[in-house]
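The block underneath contains the structure these notes are about, expressed in structure tokens.
Excluded from the calculations below are hydrogen atoms, water molecules and symmetry mates; all remaining heavy atoms, backbone and side chain alike, are included.
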Amino acid sequence: MKKIVFLSLTLAFSSVTVAQLNTPQIDDLVNKTLKTFDVPGIAIAIVKDGQVILSKGYGIRSILSKETVNENTLFGIASNSKAFTTAALAMLVEEGKVNWDDKVVKYIPEFKMYNDYVTQEFTIRDLLTHRSGLGLGAGDLMIWPDGNNFTTQDIIMNLQYLKPVSAFRTKYDYDNLLYIVAGEVIHKVSGISWGEFIEQRIMKPLEMTHSAASFLRLKDTTNVIMPHVPTEGKLKAISRYKNQILDPAGGIYSSVNDLSKWVMMQLKKGKYGIENQKQLFSEKQQNEMWSPQTILPNKPVAPYFSHYKSYGLGWQLTEVKGNFQVSHTGGLDGIVTQVTLLPELNLGIIVLTNQQNGAAFNAITNTIKDSYLNLKSEDYVTLYSSQRKEKEDNADKISEDVWAIVNQNKKDKIGIDLQKYTGTYKDNWLGDIVLSEKKGKLYFHSIRSPQLSGEVFYYKDQTFAVKWNNRSLLADAFLTFSANGINIKMKPISPLTDFSYDFQDLDFERVK
């Protein structure tokens, strides 16, 4: 699952003291968030001291049906699924069936990275910690956008073609593909699919009765959100992502009611049930999952002045005002989510949304969190809205300037020999694309990922711009041809294009 990139925020604070929020205050906060960020529906839950003190839905599931969100409404939790994958592995570790530092090739002999040494040294722990040496979101175009025909085995085979951008285990760069490999390890070791393991070994014991490992595994879809994307100035309900290949990295569908049970188990160090007599995994394994594995760059800023940031096993780890924080975010097209735990306060906050604006969940989570930290708090909704608008205005200006040049070229009727560029081009891992001419226009079509199709326009020099037919992708891209027309490199036009559109990792060569 792609991970949405959210705003990096430096805050200037007013002198408003926030006590722990009551339900009417939270209602006001969420309703303001819905309106400000044009989010149709949000569900939130707060877990404190072993009790669910709030579990509630707001707004609507879909702008088409207008049906309301409640505490049992199901959302795709996206990359918050990663913690379920690491929990599954922790359970297998305790059963003696696998070790965190076992080599991946022990279980998947065909596993191969670009470098032979890395291949042989790559451990299960390395699959989970975003320190492989691959670039941000490397290879995500094999899982994004939906509608492609790549399999888990294709992904495992194609990892060898992804060139590293840093030395092995030296740098954090978020990835999704290696969690898919981790899901396959679970399959090989347990003898059942990742989805079956998650549902039978985690969800069933915790009585997460409405949840499933993916949308296609849901038994009841009568209370599920639709994803929404701002598209060309208007909010649009879009088709949901359904590719089950992504599941170990981002496939789970759940509600705030069900996730509250997951969060309570986490805060109880793996224990659950009546008087916490049952245990999903041990405190030792939770400590392993919550121990820093990969250090992230950090600069302490207001209001939390975090002294470190790191990634554990399926969790983001930091410190806020002297309190340990365990959290994760998740994003699919039209859906973003956040789960935040402060174990020392015995506090958990869950925010699920059906629009892809991460500022919305950040505003809600941080306002609630501040009230428990007894912090002076800003109006996050207004602040984040302003910062978001500035970033979007800048990105819009960059894109508008590109398309203005394209449109001027069309008006000037610049003569381009399109036949020079037509043909079939191959990338080692994405496969073939076809550039074809139809009625004086050039078109791009990916054979294996058909949503990557659209008209190609001349920009300048040897560079063209492709406008995808699906305008909700928000990922138009440059195509730059080599001087001899044999090779093509790509990169996103907008700086806000989600990193899962890793066009920059592609290297096409003409094959016919």
Side-chain angles (χ1 to χ4, degrees), residues 1-8 78-83 85-86 100 104 111-119 121-144 150 155-156 158-183 185 245-246 248-250 289 291-299 306 308-318 327-332 336 358 427-430 475 477 489-492 494-507:
M1 168 315 306
K2 66 178 183 176
K3 176 177 178 291
I4 303 291
V5 179
F6 303 107
L7 300 178
S8 175
S79 279
N80 280 295
S81 305
K82 288 181 169 67
T85 296
T86 59
W100 293 114
V104 176
F111 175 83
K112 187 176 182 180
M113 299 293 283
Y114 190 81
N115 179 284
D116 288 340
Y117 169 80
V118 174
T119 298
E121 292 300 311
F122 216 94
T123 66
I124 290 172
R125 189 185 303 272
D126 293 321
L127 293 174
L128 311 171
T129 48
H130 308 298
R131 62 186 191 186
S132 65
L134 298 179
L136 179 64
D140 274 4
L141 283 169
M142 286 186 280
I143 55 173
W144 207 263
F150 289 94
I155 288 170
I156 291 171
N158 287 341
L159 286 170
Q160 64 186 298
Y161 300 119
L162 297 173
K163 297 179 181 179
V165 299
S166 61
F168 184 38
R169 296 178 181 153
T170 63
K171 183 176 178 290
Y172 176 89
D173 273 307
Y174 193 88
D175 72 72
N176 291 302
L177 300 190
L178 294 174
Y179 267 82
I180 295 173
V181 179
V185 171
I245 301 303
L246 177 68
M289 291 183 278
S291 293
Q293 306 288 329
T294 306
I295 306 303
L296 279 68
N298 181 52
K299 180 180 179 181
S306 302
Y308 72 90
K309 291 181 181 179
S310 64
Y311 199 89
L313 302 177
W315 292 100
Q316 298 156 346
L317 311 172
T318 189
S327 66
H328 215 287
T329 58
L332 295 166
V336 292
D427 174 79
N428 282 334
W429 55 270
L430 188 66
K489 295 293 288 183
M490 296 182 68
K491 68 177 183 178
S494 169
L496 291 185
T497 299
D498 189 273
F499 66 70
S500 283
Y501 294 99
D502 61 317
F503 298 118
Q504 69 280 354
D505 294 324
L506 298 168
D507 190 3

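Of the possible donor and acceptor atoms, none in the side chain of K82 sits under 3.5 Å from a partner among the backbone N and O of P248. Of the possible donor and acceptor atoms, one in the side chain of H130 sits under 3.5 Å from a partner among the backbone N and O of D175. Between the side chain of T119 and the backbone N or O of M113, at least one donor-acceptor pair lies under 3.5 Å. No side-chain donor-acceptor contact under 3.5 Å links Y311 to the backbone of Y174. In this structure a side-chain-to-backbone donor-acceptor pair under 3.5 Å is missing from S500 to D140. For the pair T318 (side chain) and S306 (backbone), a donor-acceptor distance under 3.5 Å is absent.
In terms of heavy-atom proximity, N298 sits nearest to Y308 at ND2-N, 3.3 Å. Summarising the geometry of G331 relative to A78, their closest heavy-atom pair is N-CB, 3.2 Å, with the distance given to 0.1 Å. Across I180 and L246, no two heavy atoms sit closer than the pair CD1-CA, 4.3 Å. Of all the heavy atoms in S166 and K171, the pair that sits closest is OG-CB, 3.7 Å. Of all the heavy atoms in L128 and Y179, the pair that sits closest is O-OH, 2.8 Å. For the residue pair P164 and Y114, the shortest heavy atom distance occurs at CD-CD2, 3.5 Å.
Distance check: L159 CG to L178 CG gives 6.0 Å after rounding to the nearest 0.5 Å. Of the inter-residue distances, the one linking Q504 atom CD with T497 atom OG1 reads 10.0 Å to the nearest 0.5 angstrom. A distance of 11.5 Å separates CD1 of I245 from CG of L177, quoted to the nearest 0.5 Å. Of the inter-residue distances, the one linking D498 atom CG with L136 atom CG reads 8.5 Å to the nearest 0.5 angstrom. The distance from atom CH2 of W429 to atom CG of D507, rounded to the nearest 0.5 Å, is 11.0 Å. Note that OH of Y172 is 8.0 Å distant from OG1 of T294, once rounded to the nearest 0.5 Å.
Residue-environment remark: CZ (F168) exceeds the threshold of 12 foreign heavy atoms within 6.0 Å. More than 12 non-hydrogen atoms from other residues, nucleotides or ligands lie less than 6.0 angstrom from NZ of K489.
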Please determine whether side-chain contact (heavy atoms from CB on, under 4.5 Å) holds for the pair D173 and L134, giving the CA-CA distance in whole Å, both sets of side-chain angles, and the decisive distance to 0.1 Å.
CA-CA 7 Å; D173 273 307; L134 298 179; over 6 Å; no
Start with the C-alpha distance between W144 and D502, add both sets of side-chain angles, then the distance that settles side-chain contact (heavy atoms from CB on, under 4.5 Å), and finish with yes or no.
CA-CA 9 Å; W144 207 263; D502 61 317; over 6 Å; no
One pair to check against side-chain contact (heavy atoms from CB on, under 4.5 Å): L141 and F503. What are the steps and the verdict?
CA-CA 8 Å; L141 283 169; F503 298 118; 3.8 Å; yes
Candidate pair T123 and R169, rule side-chain contact (heavy atoms from CB on, under 4.5 Å), full reasoning
CA-CA 11 Å; T123 66; R169 296 178 181 153; 3.8 Å; yes
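Using a 4.5 Å cut-off on side-chain heavy atoms (C-beta onward), D427 and Y161 make no contact. Between L127 and F122, the closest side-chain pair of non-hydrogen atoms falls below 4.5 Å.
For residues 128-139, the pairs satisfying salt bridge (Lys or Arg N to Asp or Glu O under 4.0 Å) are D126-R131, with sequence neighbours left out.
Not counting sequence neighbours, the partners of Q293 by the side chain to side chain donor-acceptor pair (under 3.5 Å) test are R125. In this view, T85 and W194 satisfy the side chain to side chain donor-acceptor pair (under 3.5 Å) rule, not counting sequence neighbours.
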